[in-house]
Q: 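First the structure, which I've put down as structure tokens, then a few questions once you've had a look.
Atoms considered below: every heavy atom in the structure, side chains included; atoms not considered: hydrogens, waters and symmetry mates.
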Amino acid sequence: GDTTNRFAHLTNHCIAANHADFGKFEETNELFYSAFDAELNERFPELAVQHGGSVLRGVVEPQIKRHVVQTFLAAREQLEHISDYYF
């Protein structure tokens, strides 16, 4: 992506609020869990049916969890040698 585009950081509300397109798609440029789930279910109805009525819970969340686990496993050796860092 364009690292010079400070508006590309969609999760940073304070920065995004200054962009001309702020609120163009959602009032506050935020799409909360239930609304995001509904959007995915509407766009991918076959997946919603296959996954108990929720694309977010049945498809997206498992992928996120796998990525988190893989990230920790990749850093496991370094994390095991950090004494008292988190305590």
Side-chain angles (χ1 to χ4, degrees):
D2 180 1
T3 58
T4 64
N5 180 359
R6 62 185 222 130
F7 295 108
H9 304 283
L10 299 177
T11 58
N12 191 326
H13 183 88
C14 295
I15 292 173
N18 294 312
H19 193 276
D21 286 339
F22 183 77
K24 182 176 179 180
F25 301 103
E26 294 86 28
E27 185 177 339
T28 59
N29 272 33
E30 298 168 308
L31 193 59
F32 294 97
Y33 190 97
S34 61
F36 184 46
D37 194 27
E39 177 76 22
L40 290 173
N41 294 336
E42 183 179 315
R43 288 183 186 214
F44 306 101
E46 68 288 344
L47 286 176
V49 170
Q50 292 171 12
H51 294 279
S54 175
V55 175
L56 191 55
R57 278 191 300 279
V59 178
V60 177
E61 282 184 8
Q63 292 178 39
I64 292 170
K65 289 176 183 178
R66 279 195 300 277
H67 287 293
V68 169
V69 167
Q70 291 299 316
T71 300
F72 279 115
L73 289 173
R76 182 178 184 174
E77 186 175 315
Q78 289 78 20
L79 292 172
E80 288 176 342
H81 297 290
I82 300 174
S83 62
D84 298 327
Y85 182 79
Y86 296 101
F87 303 103

Q: Of the non-hydrogen atoms in Val55 and Asp37, which two are nearest, and what is the gap between them?
A: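 The answer is N-OD1, 3.7 Å.
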Q: Decide whether Leu31 and Phe44 are clustered together by the hydrophobic rule: side chain heavy atoms of Ile, Leu, Val, Met, Phe, Trp, Tyr closer than 4.5 Å, transitively.
A: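 In one cluster: yes.
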Q: Members other than Val69 in its cluster, when Ile, Leu, Val, Met, Phe, Trp, Tyr link by side-chain heavy atoms under 4.5 Å?
A: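 When side chains under 4.5 Å apart are linked, the cluster holding Val69 also contains Leu73.
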Q: What do you reckon, is CD of Glu46 surrounded by more than 12 foreign heavy atoms closer than 6.0 Å?
A: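 Counting neighbours around CD of Glu46, more than 12 heavy atoms of other residues, nucleotides or ligands fall under 6.0 Å, so yes.
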Q: Can you confirm whether Tyr33 is buried at OH, in the sense that more than 12 heavy atoms of other residues, nucleotides or ligands lie under 6.0 Å from that atom?
A: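 It does: Tyr33 OH has more than 12 such atoms within range.
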Q: Hydrophobic cluster membership, with links at side-chain heavy-atom distances under 4.5 Å among I/L/V/M/F/W/Y: are Val59 and Phe36 in one?
A: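 Yes.
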Q: If you round to the nearest 0.5 Å, how far is CZ of Arg66 from CD of Glu61?
A: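 One finds 12.0 Å between CD of Glu61 and CZ of Arg66.
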Q: Looking at every heavy atom in both Gly58 and His51, which two are closest together, and how far apart are they?
A: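 What the structure gives for the nearest pair is O-ND1, 3.5 Å.
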Q: Let me confirm one number: the CD-CD distance from Glu39 to Glu26, rounded to the nearest 0.5 Å.
A: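 One gets 8.0 Å once the value is rounded to the nearest 0.5 Å.
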Q: Quick one: closest heavy-atom pair of Ala48 and Asn41, and the distance?
A: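 What the structure gives for the nearest pair is CB-OD1, 3.6 Å.
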Q: Indicate if Ile64 and Phe32 have the same hydrophobic cluster label, given that clusters are the connected sets of ILVMFWY residues with side-chain heavy-atom separations under 4.5 angstrom.
A: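 No, because Ile64 and Phe32 fall into different hydrophobic clusters, even though each may have its own neighbours under 4.5 Å.
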